[in-house]
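These notes concern the structure reproduced below.
FYI, side chains are in, hydrogens and waters are out, and symmetry mates aren't considered; it's all heavy atoms of this structure. In what follows, chains are A, B, ... by sequence order, proteins preceding strands, each numbered from 1.
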Amino acid sequence: MPAVLQVLGALAKHADLFSLLIEALETGAVDKTRLMADIKIAMVDASDLTFKAQLKARRKQ
Amino acid sequence: MKSLSWKDILLVLGLLAAIILAHRYADGATATVVSLVTTLVAGMMRSWAGADSPKDPPLGPMLVLLFAAAASTVSACKVLGPAEQVEIAKTATTLADCHAQGLSTFDVCAREGGADDTCEAEATAVYESCKLDGGL
């Protein structure tokens, strides 16, 4: 998949996190539990993606 | 992984400065849009630089999510307390540890019998089990 599509896919997948952040910044109040859960999911996704890419690169070496 | 040139480093620093300045001086919605745009630019920067060669893992998606996490953390610090920030840092440490465990499993396996599907499956199993142990 082209990198641009992957980038857009990643952003779309975490749209919920961004809307929560906008709400947090605008109102100063937000569901902390939901925000924490979303941040963790985004971090785990980033980690999974990186891990797969690193394995792929090691196999090609 | 390809090393970054001075131009790349300057661009990354510029993007980080834009995120920090936007969150410091602009209103909430503008700052979030700035974060999103800088995230996109950072992600595509590596593709423009030809980062898709076999020896160079696709950094675009990785960077985009890392920047998203960074921007989110910067924004979230306004509403999250120290306890939550420590939890985010702990998550990052656990993930880094799981990466190291998974990759070293792959390296050991590859040295013994060549880098194949079995090694990849073994490394992924170690990585996933480490994440489970860390509550992720």
Side-chain angles (χ1 to χ4, degrees), chain A, chain B residues 1 23 27-29 31-33 35-36 39-40 42-44 46-48 51-52 54-66 68-69 71-73 75-76 78-81 84 87-88 91-92 94-96 98-99 102-103 106-107 110 115-117 119-120 123-124 127-128 131 136:
Chain A
M1 200 196 310
V4 175
L5 282 183
Q6 283 188 329
V7 167
L8 291 175
L11 280 178
K13 200 173 165 193
H14 296 290
D16 191 40
L17 173 58
F18 291 118
S19 69
L20 262 181
L21 287 169
I22 292 171
E23 190 190 322
L25 288 163
E26 281 177 352
T27 63
V30 75
D31 182 345
K32 280 190 187 183
T33 316
R34 227 178 107 202
L35 183 59
M36 283 298 289
D38 278 1
I39 289 173
K40 272 191 183 179
I41 290 169
M43 288 173 83
V44 171
D45 269 359
S47 173
D48 289 352
L49 215 56
T50 314
F51 186 71
K52 276 182 200 158
Q54 282 175 319
L55 282 185
K56 207 172 149 189
R58 269 173 155 75
R59 280 192 72 163
K60 282 179 180 169
Q61 272 172 7
Chain B
M1 201 178 282
H23 282 278
D27 65 86
T32 307
V33 170
S35 296
L36 279 172
T39 296
L40 261 181
M44 286 190 289
R46 297 301 293 171
S47 314
W48 295 332
D52 291 330
K55 284 188 178 175
D56 201 4
L59 285 183
M62 180 188 94
L63 266 179
V64 107
L65 288 171
L66 286 180
S72 308
T73 308
S75 322
K78 291 186 178 175
V79 283
L80 297 178
E84 285 91 356
E87 206 179 321
I88 291 172
T91 305
T94 306
L95 287 171
C98 295
H99 261 241
L103 291 176
F106 183 87
D107 288 342
D116 55 11
D117 285 344
C119 291
E120 200 170 325
T124 307
Y127 171 72
E128 292 296 341
K131 277 199 315 186
L136 298 170

Exercise. Go through B/L136, B/T94, B/T124, B/D116 and name the one with the most non-hydrogen pairs under 4.5 angstrom from chain A.
Key: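 Sorted descending by pairs with chain A, the first entry is B/D116.
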Quiz item: Side chain, backbone, both or neither: which part of B/A96 has a heavy atom under 4.5 Å from chain A?
Solution: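 Neither the backbone nor the side chain of B/A96 comes within 4.5 Å of chain A.
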Quiz item: Which region of B/A110, side chain (C-beta onward) or backbone (N, CA, C, O), has a non-hydrogen atom less than 4.5 Å from a non-hydrogen atom of chain A, or is it both or neither?
Solution: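 Neither the backbone nor the side chain of B/A110 comes within 4.5 Å of chain A.
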Self-check item: Interchain contact, A/D38 with chain B, by part (heavy-atom threshold 4.5 Å)
Solution: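 Neither part, no heavy atoms under 4.5 Å.
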Self-check item: Nearest heavy-atom neighbours spanning B/T91 and A/K40
Solution: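 Closest approach of B/T91 to A/K40, heavy atoms only: OG1-CE, 3.4 Å.
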Quiz item: B/Y127 and B/L95: which non-hydrogen atoms are nearest, and at how many Å?
Solution: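 The answer is OH-CD2, 4.4 Å.
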Quiz item: Any side-chain heavy atom of B/E128 sitting closer than 4.5 Å to one from B/K131?
Solution: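 Yes, at least one pair of side-chain atoms sits under 4.5 Å.
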Self-check item: Distance (rounded to the nearest 0.5 Å) between A/L55 CG and A/R59 CZ
Solution: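 The distance works out to 9.0 Å.
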